[in-house]
Structure formats: C-alpha cells, structure tokens
Amino acid sequence: MATRNPDSNISMYYQTRAAHHGVVTSDWLAQAQAAIGGLPEDSASESYASGGEEENKSFSVVSEFNNWRKQPELAEAVAAIRALASVIRSSQATTMMELEIELKRASDLLKSWDTTSISLAAGCDLFMRHVTRTSAVEYEDFNSAKSRLLERAEKFGEISYKARRIIGMLCQDFIFDGCTILVHGFSRVVLEALMTAAQNNKLFRVLCTEGRPDRTGLRLSNELAKLDVPVKLLIDSAVAYIMDEVDMVFVGADGVVESGGIINMMGTYQIALLAKSMSKPVYVAAESYKFARLYPLDQKDMVPALRPIDFSVPIPSKVEVETSARDYTPPQYLTLLFTDLGVLSPSAVSDELIRLYL
C-alpha cells in the first residue's frame with residue numbers, strides 16, 4: 001500500500017468520515033451497530049493484540065493504520081495508536097535508541113500521511129510522550145524494556161478507546177428531562193452521550209442539522225430514531241429559525257486547541273455565534289487525544305482541509321466553489337468541554353494541554 005496520501009489536496013480525514021458516517025449505504029445497518037455499540041471489551045482487546053495483518057510479513061505502519069481505520073467505530077487517533085503499538089511488537093531493534101528512532105519515524109510517517117488530520121497528529125504525539133517517557137527503562141535489559149513499552153502502548157490504546165464512554169457519562173448531569181438539544185452533523189462521542197441519556201430513560205428531543213456536503217446528520221438522525229428519541233432533521237440554513245426552541249447545543253470536535261477553542265466540521269462556528277447571541281449554552285464533547293498544540297488566530301490560520309462538494313447540477317468553470325471542510329470556533333462562544341479528563345471550561349484547556357504534553 002502507498003505510504004502517503006494519493007491526493008494531498010483532499011483531506012483523507014474527511015473522506016473517511018464521509019465513507020463511515022455519510023449518506024446511507026447498503027451496509028448502513030451493520031455500520032450503525034458498530035458506531036453505537038463498538039466492539040465488546042474482550043473482542044476489542046483481542047483484535048487490538050492481533051491487528052489486521054500477519055506480523056511476520058513485511059510490516060508497514062501506514063498499512064496497519066489504514067487497516068484499523070476501516071473500522072467505523074474506531075477514531076483515527078486510536079487507529080494510529082494501535083498501529084504504533086504494532087511497530088513495537090514487530091520491531092527488530094536491539095537497543096532502546098534504535099526502537100525509539102523507529103517509533104519516531106513511524107509517527108512522522110503517519111502524520112505525513114494526512115497533514116489535515118488534527119487528531120491523527122495529536123494522537124501520535126501523545127503516544128510518543130506517554131509510551132517513551134520513563135526514568136528507569138535505561139537501567140533494564142532491552143527485552144524487559146521493550147515489554148514495558150509495549151505494555152504502556154497497549155494500555156494507552158485501551159484508555160483512548162474507552163474515552164468515548166467516559167465522556168458519555170459525564171454529559172448526563174447536563175441533559176435534563178424535557179430539553180431540546182441541537183446537534184451538528186455526526187459525532188460518535190455526541191451519539192454516545194445521547195444514547196446513554198436514552199438508556200437512562202431521560203426524555204429529550206434532538207434537532208439535527210443535515211451536515212452538508214456529506215450529509216452526516218442523516219446518519220445521526222437515523223441512529224436516534226432507532227433509539228426512539230424524538231428527532232427533527234433540519235437543513236443547515238434553518239439553525240437561526242429553530243434556535244429559540246433549543247435549550248443547548250452539543251457538538252463534537254476534530255481538534256481542541258490551546259486557546260480553548262475547537263476546530264470542527266464547517267458550520268460549527270456559525271451555530272456557536274447564533275447560540276451565543278441567544279444565550280444558549282454550547283457544549284463540546286471531545287476525547288483528550290484531540291487536544292492539539294495549535295493556536296489559530298482566525299479562520300484562515302489552519303492547514304487547509306478540503307473536500308469535494310457535489311451540488312447535483314453543473315457549476316460553470318468561472319464560479320469558484322468553497323471546499324473547506326472545517327472552521328474554527330473561538331473559546332468565547334463555548335460553554336463547557338466534556339472530555340475523558342473531566343468537564344473543563346475553555347480557559348482550563350491550556351493547563352490540561354501542558355499536563356498532557358510535558
């Protein structure tokens with residue numbers, strides 16, 4: 001398999017999102033079940049240990065990563081963490097220095113595969129800091145040290161895998177009976193929070209944007225309907241019209257940045273602006289492996305993430321089409337962030353980033 005993105009102008013991250021959570025396909029029901037339930041804990045551990053390829057074959061970290069990335073319920077950062085754990089498992093290095101160099105090369109290779117994915121880069125960086133940080137390894141024999149690194153890598157992968165469930169539980173005190181929640185597009189962690197609330201017999205209603213251009217909101221509305229949650233599907237431009245009915249906004253995040261703001265799918269910023277102007281709280285659900293050392297100053301101060309857009313009609317060649325896939329929402333428009341590290345105010349994010357990356 002190729003070791004770099006075949007088309008660096010198009011975001012692989014958003015292509016994967018569209019493939020997993022976009023318009024309904026023939027295997028939609030199977031993917032929906034995977035997105036809701038995930039893998040059972042035993043099968044997750046078993047599949048994590050085995051990976052998707054034979055270890056005795058020529059190992060490619062990008063191929064391993066792409067193999068994990070095919071699973072709709074698995075976040076891209078977790079796929080990267082598991083691929084890097086496989087690097088340790090398959091390594092032929094004979095010293096710690098060689099192994100750390102090999103891990104660093106593999107991490108850099110994964111990050112270069114799709115430079116638009118914030119969670120991929122953050123997951124690789126956090127993995128390297130968590131797994132290789134030690135003061136005792138250099139005093140052990142190499143085999144023992146390698147076993148310890150692998151143990152840490154697998155533990156880090158399992159913690160990251162379970163983050164979504166933790167966040168879903170933390171959200172429950174904020175979802176009250178009779179509330180109306182506005183969500184934007186498809187977010188697995190937001191779905192987890194809503195699913196947990198439904199299982200706890202809470203009575204609430206969800207307004208779900210369509211999530212153009214990949215229409216991921218259709219997927220989320222179908223998932224909620226299966227849970228017997230009252231749901232209304234909106235076109236994206238109807239948010240202002242419906243906002244007076246909303247009690248709170250819940251969104252996911254592609255990345256949480258140092259300012260306490262978020263980078264997320266296009267349309268999040270305008271929803272947050274509207275919510276702020278009408279005094280509606282905006283809650284963000286995001287795993288800690290999406291915390292990134294970035295500090296965008298405005299909408300253009302980000303690595304471009306582009307995706308194709310189909311208007312279903314011919315567009316004249318002289319008409320320019322905006323294909324950016326995401327926008328930046330500054331912290332002043334956000335109320336709280338629900339993470340596996342706890343419930344944070346936007347101003348507390350920088351402190352948590354320092355703890356994560358030190």
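- Going from atom CG of Leu353 over to atom OG of Ser259 covers 9.5 Å, rounded to the nearest 0.5 Å.
- Look at Arg105 and Glu102 and you find no salt bridge, because none of the NZ, NE, NH1 or NH2 atoms lies under 4.0 Å from a carboxylate O.
- Atom CD1 of Ile354 sits about 8.0 Å away from atom CD of Glu258, to the nearest 0.5 Å.
- Residues Tyr269 and Pro330 have side chains in contact (heavy-atom distance under 4.5 Å, counting atoms from C-beta outward).
- Atom CG in Leu344 sits 10.0 Å away from atom OG in Ser350 (nearest 0.5 Å).
- Residues Val246 and Ile181 have side chains not in contact (no heavy-atom distance under 4.5 Å, counting atoms from C-beta outward).
- Taking every heavy atom of both residues into account, Tyr328 and Gln299 meet most closely at O-NE2, 2.6 Å.
- Scanning all heavy atoms of the two residues, the minimum distance from Leu170 to Thr339 falls at CD1-O, 3.0 Å.
- Hydrophobic clustering (ILVMFWY, side-chain heavy atoms < 4.5 Å, transitive): Leu220 and Val229 are in one cluster.
- Looking at every heavy atom in both residues, Thr209 comes nearest to Gly185 through OG1-N, 3.1 Å.
- In this structure, Ala272 and Thr329 approach most closely via the heavy-atom pair CB-CG2, 3.6 Å.
- Looking at Asp340, its side chain never comes within 3.5 Å of a backbone N or O of Ile167 through a donor-acceptor pair.
- Here the rule is side chain to side chain contact (heavy atoms under 4.5 Å, CB included) with Leu182, and of Asp247, Leu274, Leu207 only Leu207 fits it.
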Ser112 vs Leu109, side-chain contact (heavy atoms from CB on, under 4.5 Å): CA-CA, chis, key distance, verdict: CA-CA 5 Å; Ser112 67; Leu109 189 60; 4.1 Å; yes
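- The closest side-chain heavy-atom distance from Arg355 to Phe291 is not below 4.5 Å.
- A donor-acceptor pair under 3.5 Å is formed between the side chain of Asn264 and the backbone N or O of Gly252.
- Taking CD1 from Ile271 and NZ from Lys280, the interatomic distance works out to 14.5 Å, rounded to the nearest 0.5 Å.
- For Gln92 (side chain) and Ser90 (main-chain N/O), a donor-acceptor pair under 3.5 Å exists by modelled atom type.
- Atom CZ of Phe176 has more than 12 neighbouring heavy atoms from other residues, nucleotides or ligands inside a 6.0 Å radius.
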Lys155 and Glu158: salt bridge (Lys or Arg N to Asp or Glu O under 4.0 Å), yes or no, with the steps? CA-CA 5 Å; Lys155 184 177 180 182; Glu158 288 304 311; over 6 Å; no
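- The structure places NE2 of His184 at 10.5 Å from CD of Glu210, a figure rounded to the nearest 0.5 Å.
- When all heavy atoms are compared, the tightest approach of Val284 to Ala253 is CG1-CB, 4.0 Å.
- The backbone N or O of Lys202 sits nowhere less than 3.5 Å from a side-chain atom of Asn200 that would complete a donor-acceptor pair.
- Put simply, the side chain of Met248 reaches to within 4.5 Å of the side chain of Cys179, judged on heavy atoms.
- Separating the CG atom in Leu84 from the CD1 atom in Ile81 is a distance of 8.0 Å, to the nearest 0.5 Å.
- Looking at Asp254, its side chain never comes within 3.5 Å of a backbone N or O of Arg326 through a donor-acceptor pair.
- By the 4.5 Å heavy-atom criterion applied to side chains, Met278 and Asp244 are counted as neighbours.
- Under a 4.0 Å N-O distance rule, the pair Lys104/Asp108 qualifies as a salt bridge.
- Under the 4.5 Å side-chain heavy-atom criterion for Ile, Leu, Val, Met, Phe, Trp and Tyr, Leu337 and Leu126 are members of the same hydrophobic cluster.
- Judged purely by atom type and a 3.5 angstrom limit, Thr196 uses its side chain to pair as donor or acceptor with the backbone of Glu192.
- Met96 and Leu103 fall within the same hydrophobic cluster, where Ile, Leu, Val, Met, Phe, Trp and Tyr residues are linked whenever their side-chain heavy atoms come under 4.5 Å apart, directly or through other members.
- Clustering ILVMFWY residues whenever any of their side-chain heavy atoms sit less than 4.5 angstrom apart, transitively, puts Tyr289 in a cluster other than the one holding Ile159.
- Cluster membership check: Met266 does not share its hydrophobic cluster with Leu273, using side-chain heavy-atom separations under 4.5 Å among Ile, Leu, Val, Met, Phe, Trp and Tyr.
- Formation of a donor-acceptor pair under 3.5 Å by the Gln172 side chain with backbone atoms of Ala193 is found in this model.
- The pair Lys290-Glu287 meets the salt-bridge criterion, with a side-chain N (NZ, NE, NH1 or NH2) lying under 4.0 Å from an Asp/Glu carboxylate O.
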Under the side-chain contact (heavy atoms from CB on, under 4.5 Å) criterion, do Ile175 and Phe250 qualify, and how do the steps go? CA-CA 10 Å; Ile175 300 175; Phe250 258 100; 4.1 Å; yes
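- Side-chain N or O atoms of Asn222 include one that pairs as donor or acceptor with a backbone N or O of Leu218 at under 3.5 Å.
- Classified by interplanar angle (parallel below 30°, tilted 30° to 60°, perpendicular above 60°), the ring pair Phe174/Tyr283 is perpendicular.
- Side-chain contact check for Ile262 versus Leu334: some heavy-atom pair is nearer than 4.5 Å.
- With a 4.5 Å cut-off on side-chain heavy atoms, Val256 and Glu352 do not count as touching.
- In this structure, Val349 and Val257 approach most closely via the heavy-atom pair CG1-O, 3.4 Å.
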Salt bridge (Lys or Arg N to Asp or Glu O under 4.0 Å) assessment of Asp125 paired with Lys111: CA-CA 9 Å; Asp125 289 343; Lys111 289 191 287 185; 2.8 Å; yes
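- Residues Val231 and Leu233 form no side-chain contact, since every pair of their non-hydrogen atoms from C-beta on lies 4.5 Å or further apart.
- In this structure, Glu223 pairs ionically with Arg219, as a charged nitrogen and a carboxylate oxygen lie closer than 4.0 Å.
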